[in-house]
Amino acid sequence: MMNVNVGQRKKDLARLNIILKYLQENYKQNIALEDIAKLVHFQTNYFCRFFKKHMGVTFIEYQNQVKLSYVYRDLINTKDSLSMILSRHGFNNYKLFRTLFKKHFGDTPMKVRKHIVEQD
């Protein structure tokens, strides 16, 4: 019985690694759930449950977190305009971006940038 669990966990981990590697390489594009599910030979609904179970967030939430981390990095490390940064990292919907950013970082992108600059 224990070997079955270990074997299944290894299989699940291998699938997660495929998913996360693919996302890291393609995060700028909007990845359809159907496409990412096919990558690991899952039905879309099962993929959604699998990802949430193992990662604690939905695939879309995780994809947005990855994009936000890159936007944040560029926001504090470059003088590029916000629109240039958003375009670079695949955020096409500014309103959605702003909502996610504020929820994740507690402030607007410009206030975060200003605060970081003031600390230097």
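These numbers come from the heavy atoms of this one structure, side chains and all, not from hydrogens, waters or symmetry mates.
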Check whether any side-chain N or O of [X] sits under 3.5 Å from a backbone N or O of [Y] as a donor-acceptor pair, and report yes or no.
{"X": "Lys67", "Y": "Gly90", "value": "yes"}
{"X": "Thr99", "Y": "Lys95", "value": "yes"}
{"X": "Gln63", "Y": "Gln29", "value": "yes"}
{"X": "Asp35", "Y": "Ile31", "value": "no"}
{"X": "Arg113", "Y": "Thr78", "value": "yes"}
{"X": "Ser69", "Y": "Val66", "value": "yes"}

| task | Determine, for Lys38 against Glu34, whether the closest basic-nitrogen to carboxylate-oxygen distance falls under 4.0 angstrom. | result |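 A salt bridge is absent here (no side-chain N lies under 4.0 Å from a carboxylate O).
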| query | Would you call Lys53 and Asp12 a salt bridge, taking side-chain N to carboxylate O under 4.0 Å as the test? | reply |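 Result for this pair is no, no salt bridge flagged.
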| Which heavy atom of Ile116 sits nearest a heavy atom of Ile76, and at what distance? |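 Result for this residue pair: CG1-CG2, 3.4 Å.
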| query | Which heavy-atom pair separates Leu75 from Pro109 by the least distance, and what is that distance? | reply |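 Smallest heavy-atom distance, with atoms named: CD2-O, 3.2 Å.
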| task | Quick one: pull up CD1 in Ile85 and CZ in Phe97 and give me the separation to the nearest 0.5 Å. | result |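 Between Ile85 CD1 and Phe97 CZ, I get 8.0 Å after rounding to 0.5 Å.
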| message | I need the Lys28 NZ to Ser87 OG distance, nearest 0.5 Å. | response |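 OG of Ser87 is found 9.5 Å from NZ of Lys28.
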| said: Count I, L, V, M, F, W, Y as connected when their side-chain heavy atoms are under 4.5 Å apart, and connections chain through other members. Are Phe91 and Tyr70 then in the same cluster? | reply: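 Different clusters: Phe91 never reaches Tyr70 through Ile, Leu, Val, Met, Phe, Trp or Tyr contacts under 4.5 Å.
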| Phe51 and Tyr46: same hydrophobic cluster, using ILVMFWY side-chain contacts below 4.5 Å? |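 Yes, same cluster.
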| message | Is it the case that the side chains of His89 and Asp74 hold a donor-acceptor pair, with the cut-off being a distance below 3.5 Å and no angle test? | response |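 Their side chains do contain a donor-acceptor pair, which is all the 3.5 Å distance test asks for.
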